[in-house]
2 protein chains.
Amino acid sequence: MAADPLSRVFAALADPTRRDMVARLTVADATVGELAEPYDVSVQAVSKHLRVLEDAGLVSRSRDAQRRPVHLEAEVFDLMTKWIERYRRQAEERYRRLDDVLRSMPDDSPPTAAPPEGGTPS
Amino acid sequence: MAADPLSRVFAALADPTRRDMVARLTVADATVGELAEPYDVSVQAVSKHLRVLEDAGLVSRSRDAQRRPVHLEAEVFDLMTKWIERYRRQAEERYRRLDDVLRSMPDDSPPTAAPPEGGTPS
DNA sequence: CCTCTCGTCAACCAACCGGTTGAAAAAGAG
DNA sequence: CTCTTTTTCAACCGGTTGGTTGACGAGAGG
């Protein structure tokens, strides 16, 4: 597993079960068994999901006797938010510029054509 | 392909090549060939990536002779942003409440223990 | 000690993913 | 009609994923 952090976070949240676990962990920490209870898959499967979330940095685990309470680490969300917002803004900026270009071009001047500077005059 | 929209968007952006394509499409629309040029993979592979992005609703394609210009659809970003922000806020709210609880509990009252009501007195 | 609970590790399986190559479709250009 | 460009379709391949079952380790508790 050599993917970059951003890819790991996106991949971790691409699974609805894992997204649901994250959603529930925003309410309270939980043990593996507690987390597994609502889904009809084995506890081992949930344990695997938790590993994916942990590798993505979305979750951390401590220790309490045999139990391993799972805790949400919300900071990683920022990584995604930053990426998304950056390109969302860039896209919006692009559309704004496109509007300007269209507004400043009421005639049929061909796009990407040479500007109207006189070449070597005869 | 029966995954929910949110899963598709997250999965689509879990790949660095696809994220880079999205990033470049915020600058300008591009054809498949133009998009493929910077990466040293086949054009077919890029075509597959574009299909994933299209299925996720991140991208749309029109037609210009044999070319298929690719256009970024930034609205789907909102889907992710909403999900992320919702649970981020919820998590922050949770921590805030936890702080309150800790602040209102300066003594050593055991957590989750029975309230100090006298049991059946002897 | 034995036993029970909680969780992980290991092996396996079908399905999917990202990549390849080769062929074909779609449309302009000679 | 033929040739070239652009893109997609089809088949294939190795690696990963999400799931299973079975065994195991770590602790509480009789």
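Below, chains carry the letters A, B, ... as their sequence lines are ordered, and counting in each starts from 1. Note that the coordinates shown come from a computational prediction; the quantities given were computed from them, not determined experimentally.
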Could you report the tightest heavy-atom contact between Arg94(A) and Val27(B), atom names first, then the distance? CG-O, 3.3 Å
Sorted by chain and number, sequence neighbours left out, side chain to side chain donor-acceptor pair (under 3.5 Å) with Arg51(B) holds for none
Tell me, which of residues 11-21 of chain A have any heavy atom that sits under 4.0 Å from an atom in DNA chain C? none
Measuring from atom OH of Tyr39(B) to atom CG of Asp20(B), what distance do you get when rounded to the nearest 0.5 angstrom? 3.5 Å
All salt bridge (Lys or Arg N to Asp or Glu O under 4.0 Å) counterparts of Asp64(A), not counting sequence neighbours: Arg67(A)
With a 3.5 Å cut-off and sequence neighbours excluded, list the donor-acceptor pairs that the side chains of residues 8-19 of chain A form with protein atoms.
unit_1: Arg8(A); atom_1: NE; unit_2: Asp55(A); atom_2: O; d: 3.2
unit_1: Arg8(A); atom_1: NH1; unit_2: Ala3(A); atom_2: O; d: 2.6
unit_1: Asp15(A); atom_1: OD1; unit_2: Thr17(A); atom_2: N; d: 2.8
unit_1: Asp15(A); atom_1: OD1; unit_2: Arg18(A); atom_2: N; d: 3.1
unit_1: Arg18(A); atom_1: NE; unit_2: Ala12(A); atom_2: O; d: 2.8
unit_1: Arg18(A); atom_1: NH1; unit_2: His49(A); atom_2: ND1; d: 3.2
unit_1: Arg18(A); atom_1: NH2; unit_2: Ala11(A); atom_2: O; d: 3.3
unit_1: Arg19(A); atom_1: NH1; unit_2: Leu13(A); atom_2: O; d: 2.7
unit_1: Arg19(A); atom_1: NH1; unit_2: Ser7(B); atom_2: OG; d: 3.1
unit_1: Arg19(A); atom_1: NH2; unit_2: Asp4(B); atom_2: OD2; d: 2.7
unit_1: Arg19(A); atom_1: NH2; unit_2: Ser7(B); atom_2: OG; d: 3.0

Below 4.0 angstrom, which residues in residues 56-71 of chain B have at least one non-hydrogen atom near DNA chain C? Arg63(B), Ala65(B), Gln66(B)
I'd like a table of donor-acceptor pairs (distance under 3.5 Å, sequence neighbours excluded) in which one partner is a side-chain atom from residues 30-37 of chain B, with atom names and distances.
unit_1: Thr31(B); atom_1: OG1; unit_2: Glu34(B); atom_2: N; d: 3.2
unit_1: Glu34(B); atom_1: OE1; unit_2: Thr31(B); atom_2: N; d: 3.0

Give, for atom NE2 of His71(A) and atom OG of Ser62(A), the distance between the pair rounded to the nearest 0.5 Å. 8.5 Å
Under the side chain to side chain donor-acceptor pair (under 3.5 Å) test, residues paired with Arg89(A) that sit two or more places apart: none
Under a 4.0 Å heavy-atom cutoff, the residues of residues 26-48 of chain A touching DNA chain C are Thr31(A), Val32(A), Gly33(A), Gln44(A), Ser47(A), Lys48(A)
Going by side chain to side chain donor-acceptor pair (under 3.5 Å), name the residues that satisfy it together with Gln90(A), two or more places apart in sequence or in a different chain. Thr26(B)
Bounded by its outermost nucleotides with an atom under 4.0 Å from a heavy atom of chain A, the footprint on DNA chain C reads dT5(C) to dA11(C)
Just to verify, what does Glu54(B) make a side chain to side chain donor-acceptor pair (under 3.5 Å) with, not counting sequence neighbours? Arg61(B)
For a 4.5 angstrom cut-off between non-hydrogen side-chain atoms, does Arg63(A) reach Pro69(A)? no
For residues 73-84 of chain B, please give each side-chain donor-acceptor pair under 3.5 Å, one per line with the distance, not counting sequence neighbours.
unit_1: Glu73(B); atom_1: OE2; unit_2: Ser60(B); atom_2: OG; d: 2.9
unit_1: Asp78(B); atom_1: OD1; unit_2: Arg88(A); atom_2: NH1; d: 2.2
unit_1: Thr81(B); atom_1: OG1; unit_2: Phe77(B); atom_2: O; d: 2.9

